[in-house]
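Below is one structure; the comments refer to it alone.
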Number of protein chains: 2
Amino acid sequence: MNKQSTEIQTARVAVDTVVFSVFDGALHVLLISVNRPPHYKNMNGLPGGLMTMKETSDEAVRRHLSGKIGLFHLYFEQLYTFTAIHRDKRNRVVAIAHLGLVTESEAKGVAREGGRWVPVLEVGQLAYDHNEILNTAVLRLAGKLLYTNIVRHLLPKKFTLTELQKVYEIIRNETFDKRNFRKKILSMNIIKDTHEMQTGVANRPASLFTFTGTKVTEIPLISSI
Amino acid sequence: MNKQSTEIQTARVAVDTVVFSVFDGALHVLLISVNRPPHYKNMNGLPGGLMTMKETSDEAVRRHLSGKIGLFHLYFEQLYTFTAIHRDKRNRVVAIAHLGLVTESEAKGVAREGGRWVPVLEVGQLAYDHNEILNTAVLRLAGKLLYTNIVRHLLPKKFTLTELQKVYEIIRNETFDKRNFRKKILSMNIIKDTHEMQTGVANRPASLFTFTGTKVTEIPLISSI
DNA sequence: GCAAAAGTGTTAGGTATACACCCATGC
DNA sequence: GCATGGGTGTATACCTAACACTTTTGC
């Protein structure tokens, strides 16, 4: 391995993905087992792997997540590229890290063996520099909630305003006033009422909302100068 | 070249840098000559080059900019990593693109042969995917002006409020009311009055200001929900 | 004294925040 | 009928946006 890496004279390129999902009242991240002695024995790490000569980073992300892990429907975007020389103690590997999001139902469908969902607050030491990548992703996600409609990829097609608020509260780690939250979200024009109602709940049924548009876009909240 | 690239089985890693400077009333970008027939003959392109096995991307950026170009003092940060398969028609090269900023006086010091400053609005077709990288950088810079103090790296140590406003107006491509701009900037606490005055101007001399702190940081402008 | 840019306050409209009660459903 | 979460309005404070004249210097 080491011989080969000095021969090829260039760093390898890998993709890593921090896939988040919100359920059971917590932000979860998808982890896989890493077992590469002597440096990384029976540890957790982020899913990912090498990018081949014939695929882009996006294609590599899809290939690695759909393979052993069985994750097919996810939103993801590039996060940051990590190039510290010894970030992988075995070889020189540059990691193009990505931030991914899936809904709860998609999360529940990942192959049993492929990966598992761990609450972000309970993640211990990860292999490589994956704790640093995870921290970067958490901050990015919390930031993007405020000025994009990225939250759409954490919720099902139809959802209640309370469900939406819970996702914001969990990721932002703060609570919001229900009335003010609704006013604010509705004023953004990123969701609309389906005029359908929840059924089978032991309380007054909530209205179901859906996201307008189809893409992740910025919402002009930042006032100009 | 092509033979080698198929042998090594992994994409090469390069860094490219979009270095901006504001002077003569326009946003300028630093370009170099690219002459790599048959695909790229006598074109302009962004400065950059391969990253070696023994350096990080940041170190590669510094090496490429300080070498032929003679640019030593600049701020830069990672922008985005471009991985399209044919972004370089000769070989598979992944580019970690960076956004750099220099003051006018630093810009004037670049080696004659190494590079030249071109107003962004007058940039024509660039080699590789460098137009796409440039566009990404322009948008990032305009966005970051609004919620960080990144502008500090485009101005000298001491500057007038009008100079600061001009930089904002040029990059944001909009004009601001002088009184409101001053109130807003001063309320951000990113600059302070040096109590020195301009000298030698044919009008009332302006106060000179300087940036507080030393790092690029986010300014809490985004209201919570 | 004139040309050029610096510097300075107020008002009106809109947005953010804080806060408490009634409603609809399942059991 | 009771437990549970759904749904709604107002008043205040703050921030944003629009706008015009006087001051200081060099020539």
Side-chain angles (χ1 to χ4, degrees), chain A residues 22-25 104 145-147 155-156 158-170 172-210 218-225, chain B residues 22-25 104 145-147 155-156 158-170 172-210 218-225:
Chain A
V22 174
F23 51 85
D24 300 347
E104 173 174 0
L145 281 192
L146 296 183
Y147 66 93
L155 287 164
K158 294 171 186 174
F159 54 88
T160 70
L161 289 180
T162 299
E163 287 166 354
L164 178 61
Q165 184 174 344
K166 287 258 170 64
V167 172
Y168 269 86
E169 290 182 337
I170 289 165
R172 296 286 312 167
N173 194 30
E174 54 185 325
T175 58
F176 301 108
D177 176 82
K178 185 163 52 164
R179 281 167 290 193
N180 293 339
F181 180 82
R182 286 164 185 234
K183 267 181 287 187
K184 181 70 171 254
I185 285 287
L186 290 170
S187 78
M188 288 178 178
N189 292 320
I190 59 172
I191 62 173
K192 65 170 194 283
D193 196 336
T194 63
H195 302 294
E196 294 173 56
M197 287 287 176
Q198 251 184 339
T199 54
V201 285
N203 51 48
R204 177 172 169 178
S207 292
L208 293 173
F209 285 76
T210 191
E218 299 205 0
I219 301 149
L221 283 178
I222 302 173
S223 65
S224 158
I225 288 183
Chain B
V22 173
F23 52 83
D24 300 346
E104 173 173 0
L145 281 192
L146 296 183
Y147 66 94
L155 287 164
K158 294 171 186 173
F159 54 87
T160 70
L161 289 180
T162 299
E163 288 166 353
L164 178 62
Q165 184 174 344
K166 287 258 170 63
V167 172
Y168 269 86
E169 291 181 338
I170 289 164
R172 295 287 313 168
N173 193 30
E174 55 185 326
T175 58
F176 301 108
D177 176 81
K178 183 163 55 163
R179 280 167 290 193
N180 292 339
F181 180 83
R182 285 163 186 235
K183 268 179 286 187
K184 181 72 169 256
I185 286 287
L186 290 170
S187 77
M188 288 179 180
N189 292 320
I190 60 172
I191 63 174
K192 65 169 193 284
D193 196 335
T194 63
H195 303 293
E196 294 174 55
M197 286 287 176
Q198 251 185 340
T199 54
V201 287
N203 51 49
R204 178 171 171 179
S207 292
L208 294 173
F209 285 76
T210 191
E218 300 205 358
I219 301 149
L221 284 177
I222 302 172
S223 66
S224 157
I225 288 183

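Quick note on labels: first sequence line is chain A, next is B, and so on, each numbered from 1.
Of the candidates D:dT16, C:dG7, D:dG6, the closest approach to any side-chain atom of B:Ser207 belongs to C:dG7. Checking D:dG9, D:dG7, C:dA6 against every side-chain atom of A:Lys183, the shortest atom distance belongs to D:dG9. Ranking C:dG7, D:dG9, C:dA6 by closeness to the A:Arg179 side chain, first place goes to D:dG9. With D:dT8, C:dA18, D:dC19 as the candidates, the nucleotide lying closest to the side chain of B:Asn180 is D:dC19.
Nucleotide D:dT4 holds its P atom 13 Å from the NZ atom of A:Lys166, rounded to whole Å. In this structure, A:Ile185 places its CD1 atom 15 Å from C1' of C:dA16, rounding to the nearest Å. The separation between B:Arg182 atom CZ and D:dA17 atom P is 18 Å, rounded to whole Å. Taking atom NZ of A:Lys184 as the reference point, atom C1' of C:dA18 lies 15 Å away to the nearest angstrom. Remark: P of D:dT8 and CG of A:Asp177 are 14 Å apart, rounded to the nearest angstrom. Protein atom CE of B:Met188 is 13 Å distant from nucleotide atom P of D:dC15, rounded to whole Å. Counting to the nearest Å, the P atom of D:dC19 and the CZ atom of B:Phe176 are 17 Å from each other. As a whole-Å value, the separation of A:Gln165 CD from D:dG5 C1' is 12 Å.
Using a 4.0 Å cut-off on heavy atoms, the residues of residues 193-205 of chain B that approach DNA chain D are B:Val201, B:Ala202, B:Asn203, B:Arg204, B:Pro205, listed by number.
In this structure B:Gln198 satisfies the side chain to side chain donor-acceptor pair (under 3.5 Å) test with no other residue, sequence neighbours excluded. B:Lys158 is linked by a side chain to side chain donor-acceptor pair (under 3.5 Å) to B:Glu196, counting only residues two or more places apart in sequence or in another chain.
Within the 3.5 Å criterion, the main-chain N or O of A:Leu208 finds a donor-acceptor partner in the side chain of A:Thr194.
Side-chain atoms of B:Val167 and B:Phe159, non-hydrogen and from C-beta on, never get closer than 4.5 Å to each other.
Within 4.0 Å (heavy atoms only), A:Ser187 reaches no atom of the nucleic acid at all.
No more than 12 heavy atoms of other residues, nucleotides or ligands sit less than 6.0 Å from atom CG of A:Asn173.
For the pair B:Thr162 and C:dA5, the criterion of a side-chain N or O lying under 4.0 Å from OP1 or OP2 is not met.
With rounding to the nearest 0.5 angstrom, the CD1 atom of A:Ile185 is 12.0 Å from the CG atom of A:Asn180. For the atom pair CG of B:Asp193 and CZ of B:Phe209, the computed distance is 4.0 Å after rounding to the nearest 0.5 Å.
Remark on DNA chain C: of its neighbouring residues A:Lys178 and B:Lys178, the 5'-side contact belongs to B:Lys178, judged by nearest-heavy-atom nucleotide.
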